[in-house]
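Letters A, B, ... are given to chains in the order of the sequence lines, protein chains preceding strands, and every chain is numbered from 1.
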Amino acid sequence: MPTASTTEPKPAPPPVEKIRIRVDGREIEVPKLMPDWQDKLQPTTMLQACALAGIEVPHYCYHPKLPVAGNCRMCLVEFGLPMMGPDRKPVLNEDGTTKIAKQVLPYEPATPRGAIACATPISPGMEIYPGSPATKQMRESVLEFLLINHPLDCPICDQAGECKLQEYSVDYGLSGSRFVEAKVHKPKAVDLGPRIVLDDERCILCSRCVRFTKDIVGDDALGFVNRGSYSTLTHFPGKPFDNNYTLNTVDICPVGALTSKDFRFQMRVWFLKQSKSICTSCGTGCNIVIGSREEKIYRYEPRQNDAVNSCWMCDAGRLNYKWVGREDRLVKCGVRNPERGMKDASWVAALNEIADRLKKAPAGSVAIVASARQTNEELWLLSKLKAKLGATSDSVPRIGEGDRLLVNADKNPNSNGARLTGVAADPMGSILPKIADGIRGGGVKTLIVFGEDVTKHGIGADLLGKLEALIVSDILPNQTTELAHYLLPGCAHAEKRGTFTNIKGRVQKFMKAVEPRGDARPEWEFLHDLVYNVTGQNGFVSIEGLFNLMAKEVPAFNGLTWAWLGDLGVTAQI
Amino acid sequence: MPSEYRLILKYADQPGYTPDIDCYLRHGGYEMLKKALALQSKDLPDGRKMSPQEQVRDEVMKSGLRGRGGAGFSCGLKWSFVDRKSGKPVYLICNADESEPGTFKDRPIIYKDPHQLIEGMILSCWANDVKLAYIYIRGEFAQGAKILNRALEEAREKNFLGKNILGRGYDLDLWVHRGAGAYICGEETGLIESIEGKRAYPRIKPPYFPAVLGLYLCPTIVNNVETLCAVKHIVAMGGAEYARLGTPNNTGTRIVSVSGHIKKPGYYEVEVGKVTLGELINDAAFGGGLRDGRKLKAVIPGGSSAKVFKAGEKLKLKRKGADGQMTAVEVDLLDLPYDFDSLAQAGSMSGSGAIIVMDDSTDIIEALSNIAEFYAHESCGQCTPCREGSLWMAKALHRLTHGHGRKQDADYLLNIAQNIQGRTICAFGEACAWPVLSFVKKFKDEFEAKGAADEEHRAREAKGTNPGSEMELAASPQH
Amino acid sequence: MIVKREKLSLWERLYLPAIIGGFKVTLRHFFRKKVTMQYPEEKWVVPQGYRGAPYLVRDQEGNTKCVSCQLCEFVCPPKAIKIIPPGPAGEIADRPNAEKMPKEFEINMLRCIFCGYCEEVCPEEAIFLMKDYSLTGTSREEMIYNKEKLLALGGVHNDRIEKWKHKLEEAKEQAAFPVAKP
């Protein structure tokens, strides 16, 4: 079970003030205050209360992480308040219960009054009727209004299948159309920016994208022009919609108005298999969902994790998936023969040969260059090897530019993991020159490289040529893999399971989305075999067991278990 | 004999009266400001002290002044809602975005007597501890903005505005903000957004009530031009005296704009409730009657968004009898007293005080089509029912007026309008739905007859030419 | 449960009457019209509504009707259909305003079960089960029909609605956008 050291510090929760209300006749108690989009406590809204009661109120413009706009009117619900007498005291029914006055519009004839659930705070004794005929009628009419000028492009619309307009039309809409007038036509396939295509006809003007880019990103780039039904979403003239978070607007667009150029006409979304994963483009470790079909990755989408990335991710990380499907991926295990050059070999043969070599290697003659792009488990297995061989080890730092929202300056997804498992030096990369010196001086005869092109990090091809054995595992070919004596094809994170420790120490696991290419195997799998061959230590052959074993041995991870990480990960004390 | 009671427009139309400050000062201008600023704290019977500002606010409350912009909300009450404890500055905005079709009552004040408005505003600002106020004037009043700016300049020169006004230690600045030509800027929260430099999208209420979260999210008072002018007269007369004008709960005077098929269209200032709708239309002192040989067909009593009255309609009102009991009485349309409550009870509203008269030469469908087109053009496009519904109704009416009507169009229009009213962010939903609802309900026979005639006509044509064109017409009307 | 077996009557037990009855039926057919068809020399008339091989059709203007929505691929029970969508840089659709059409469209006729779901689900009336019932080939590859082959076999099917064209014309009428009059 988790110990105190690995749980997030939680102050004692203050007593929560509760309000009793009724939702569709069922009495529930809800907190008086609930977090708003900025996590500030605000009076609980009807929509939040209904959600707590297990009832979804349909909505378009409302998004839990954006300021409330209240413009789509889809969340209109009928409601009632305790009836007040002239003495400002609640009027009671004959049976002693409070009399509820259903709110009506003071028009002739009196019609039920709807309140927008997304912005209306609840009050004690309030009754909300999300399932009443009047509420149903309001939804029907709002949907009708939304649909009259909607082009019904569904067959050619990328959003089809994950479109809220489609979903709510099925759930709450009318079956027929009585609109006989001509639809309003607006610009189609507008180039909004380098990554976004806009179809104005499909837009339902919910303003989610406008609010996102203004209030979350701080780039007030989008806005509406024209009036009434001719209102049109657009960017400022001459200034394309181009910041590092534009593609999030595609996710939050409830319809197919904003679509991604990268994903445009690539695949229908209902074919995509969704695998929970982690973005590896920087140390933030944004939670993502990988959409793949038939072993091909089509897109990354952010997955909500309020402790890490909220609902967002950056465009750079999102589009950084194409290398996984590259044609020149390393797919064959290879052993270099002095006469005949690199020859394909079986995994067993290659691993046995490497193990034999390592076992014979004198202490201190082996060096390891690991990668902070490897998982915690792989790094931990390398640390086992390091300990057994008395090897020196380090990994390669990558420092770039960060921003105030999500992008971290550390471009390695697992710098903390490399540090905590003891594979990377502190500061990272400080031992690399020593390894280079060791090779130059002849002390280091065997170099194990994982996922890095060391020729770019101070250990040039001339030095690599001096080695007796160069054991390289990588995904894509580079100068180091070309010089390798033993080549072990590895997997992209989308092809295996494992955990990363992000820059704040959050240990997060990711799932496999696609099968590895060719003979490639997850690094942790063959590293496990290698460690067994070299040290005789047996461990778990499953990632779950491996993680649990590692968590016992690495102090920072003490108390963690694979299962307890859940989908959202756990913050370790680092 | 009903006649005008000119209070606000007392001097405006007098020969020789000019909008400059000297002329205003000659006519007793800014005296009320001097009087108010000289007020002393008053001791209350319970021992508390009442500040001069509170005294003015109290007078306004006592006067029973109701907002002249359209909703007729009590001005004193509105002022009392202002969140004065927040520590944030309080703003006052004069809503001079007069754009309701048929309304032209603020324009003469601004053009002919701008200093009266400014004095009223300074008094209101002072009473509410406002340090910065705006006049939001509609973009089309370009000349009006010039006049106001000149007047403000003059007032600043004379130290009625600026730092340490009249040496009494009160600072106030007033700015004219010109709109860019959108009807929705007359909606108070839309107006606030517009001043903030954004699109005039009305805000959602809750939470953005102007009295708490208004301009720059500070407490804000938005009052109509006429209301602010009335404040000056309340200070002059005292609240109780002002309340004696008009009728109980409908106090004071108000300027009524009468237009349409009458002999003497124009603005008339009357005591609220002392004059009937019929007198405003027919009396020689006001509208002067319909054109010769014409009969009354319909009256829109409060700007184009108000519900229409059909000629000859009997309206049910509630009257307080001598014993204090409310009794229902039936009143002929033309005998309806022109005040806030009577019109509301009769199922319409006095709105901005614009009476639009239509005689029997009017094609009621064309008239509604014209109104619907206006609202479709002016809908801001923020929330769904109004954005889509207003254009939908306009298109359906366009169809109806261009020979493509159907029998069911009357109910079709009613249903669309019902789906808009009460479901929008601001009152524009009602503004665009009510004309349609009232026109179609009250003149349903005309709408149905037109639809039937169109259908018959198409059927005849279809017989003559190719069969099946009727179906096509119904499916794709040519606009 | 025990089902009681009825005893045969004497007439039934006689055996021969039933034999004779059987012969009578056989004999009667000697004098009836022949129903056996000499296939393949003789071909039968395929009735209306027959569900033969699914092919793609073009509209009266010779444009590909399919917009690559992949609903048929989704609904196909034996997964006989494979569509490669055009992608962002793909060829734009034949039909103006339709934006997309398939880069490749394959039906594996060995897998197809001629259920007609594809025709039913198609929102563009682009695929029809035609009257072909005898599909032959000398290899498995040959039985995978590609887009060109399917379009050639499908021929032209008149588009009564012409949705995309209608939309484009309607939009052109509103070219003075936003229109001054509704």
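C:E173 places none of its side-chain heavy atoms less than 4.5 Å from the side chain of A:H185. At least one side-chain heavy atom of C:N97 sits less than 4.5 Å from a side-chain heavy atom of A:K188. With a 4.5 Å cut-off on side-chain heavy atoms, A:R268 and C:F74 do not count as touching.
For chain C, the option among A:R264, A:M267, A:E201, A:K261 with the highest count of heavy-atom pairs below 4.5 Å is A:R264. Between chain C and the residues A:V197, A:D153, A:D262, the most heavy-atom pairs under 4.5 angstrom are made by A:D153.
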- Task: Assess whether side-chain contact (heavy atoms from CB on, under 4.5 Å) is satisfied between C:V67 and A:F265, documenting all intermediate values.
- Result: CA-CA 10 Å; C:V67 296; A:F265 302 157; over 6 Å; no
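At a 4.5 Å heavy-atom cutoff, the contact between C:P123 and chain A is made by side-chain atoms alone. Both the backbone and the side chain of A:K183 have a heavy atom closer than 4.5 Å to some heavy atom of chain C. With a 4.5 Å cut-off on non-hydrogen atoms, C:E124 touches chain A through its side chain but not through its backbone. With a 4.5 angstrom heavy-atom cutoff, C:K163 touches chain A only via side-chain atoms. Contact of C:A93 with chain A is not made at all, since no heavy-atom distance falls under 4.5 Å.
Annotation for C:W11: atom CH2 does not count as buried by contact number, only 12 or fewer foreign heavy atoms lying within 6.0 Å.
Across all non-hydrogen atoms, the minimal contact from A:Q266 to C:P88 is NE2-CD, 3.4 Å.
Atom NZ of C:K100 sits about 7.5 Å away from atom CD1 of A:I156, to the nearest 0.5 Å.
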